[in-house]
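Only one structure is covered here, and it is reproduced in the block below.
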Amino acid sequence: MNGSNDFPVLGFDIGGTKIAICLADRHGRILGSQRIDGGTGEDYPVALRQMTETGDALLKQAGVAATDLRAVGISAPGPMDMASGILQKSPNMHWEGAPIRDDLQKYYQVEACLENDANAGMLAEWFFGVARGCSDAIYLTMSTGIGGGVIVNRTLLQGTTGVGAEMGHVVLDINGPLCGCGQRGCFEAFCGGRSISQRMQEILAEEPDHPIMRMAEVDGDFKKLNYQVLRVAVREGIPLAREMWEEVCLRTAQALGGFMMIFNPQMIIMGTLAHYSGDMFMTPVRKHLAKFSWPQLHEPCQLKTPALGHQIGELAAVSPAFYKFYRKGGWEPEPANP
Ligand SMILES: [Zn+2]
């Protein structure tokens with residue numbers, strides 16, 4: 001079969017500021033993709049029409065007849081009701097109860113499969129990226145917030161209501177910083193990008209002359225304080241930055257150690273923060289792991305960054321559909337490179 005007819009799947013990656021739509025084949029090759037700006041900031045009916053128009057255009061461009069389409073995948077920020085396929089309103093989701101799964105299923109007349117973005121990212125890295133061939137792996141988005149996805153014995157961990165695995169909201173310290181979810185001391189409240197920015201803003205609010213505030217990247221503007229700035233400040237050797245970074249690394253190791261003790265994974269993949277920080281993050285995290293997990297569990301576990309780069313959103317969008325076929329026995333990922 002040629003590429004365009006080889007198990008085509010349409011994917012919709014729903015985000016707060018943009019929606020990415022892509023058409024991919026069974027090998028995870030992207031046959032076409034396009035973005036719609038505005039994301040869930042648009043009214044749902046308007047966005048839905050733009051999404052299906054864009055999906056139709058991608059099918060047409062790739063020469064795929066709508067009747068040849070095998071499935072639709074959807075990756076969206078949680079929370080969502082998995083039984084009904086309805087997205088729930090949240091800080092990252094402005095639509096009010098959008099029945100996106102059934103609407104896309106009805107429109108395309110194929111099965112539509114929905115997952116939260118972290119689970120979908122886990123599936124994408126497992127099928128097409130760095131975790132190919134793993135039986136047990138964990139993916140942590142490590143972005144503005146911390147989403148988590150877990151593969152246990154070649155199965156995506158979804159839990160009884162499909163809300164699993166909210167690894168960013170495991171409490172590490174009941175007296176820790178307040179989290180956006182309402183709990184105190186969540187992993188995300190210590191190590192999520194949004195929380196790191198807020199903490200820097202709080203600490204530096206009374207110190208406009210602090211060396212961090214005078215950095216070129218900040219130029220006295222509190223709104224520019226974020227973890228990229230923190231990283232630069234650490235490299236420049238600013239003591240406050242080093243202290244804050246040390247806590248981020250220690251708390252990450254605490255969370256990872258706990259996950260290793262439970263899941264004994266071959267691999268933990270960490271997104272944005274780890275991807276951009278490299279060794280200055282991974283080395284101290286590895287060093288601290290011995291405080292939180294046994295050698296039998298952390299020594300064989302590889303810490304990795306995602307392999308899919310900018311394509312992760314697109315491939316995360318199609319992956320819930322491939323997973324459905326994988327479970328039913330109608331599709332297999334390609335084996336890992338030896
Ligand atoms: Zn939380």
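What you see below is based on every heavy atom in this structure, not just the backbone, and it leaves out hydrogens, waters and symmetry mates. In each ligand, atom 1 is the first atom listed, and ligand 1 is the first ligand listed.
Closer than 2.8 Å to the Zn ion (ligand 1) sit the protein N, O or S atoms H169 ND1, C179 SG, C181 SG, C186 SG.
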List the steps and the verdict of ring pair (Phe, Tyr, Trp, His ring centres under 6.0 Å) for W245 and Y227.
CA-CA 9 Å; W245 192 255; Y227 77 85; 7.7 Å; no
Are Q183 and H169 close enough, and set up right, to give a side chain to side chain donor-acceptor pair (under 3.5 Å), and what steps lead you there?
CA-CA 8 Å; Q183 297 180 155; H169 300 282; 5.2 Å; no
Assess the residue pair F7 and D25 against the criterion (side chain to side chain contact (heavy atoms under 4.5 Å, CB included)); give the C-alpha distance rounded to whole Å, side-chain angles, the decisive distance to 0.1 Å, and a yes or no.
CA-CA 5 Å; F7 217 102; D25 71 5; 5.8 Å; no
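Residue E206 places its CD atom among 12 or fewer non-hydrogen atoms of other residues, nucleotides or ligands, all under 6.0 Å distant.
Both the sub-6.0 Å distance and the 45° axial angle are satisfied by R70 relative to the ring of F325.
Ring centroids of F127 and W331 are separated by less than 6.0 Å, placing the two rings close together.
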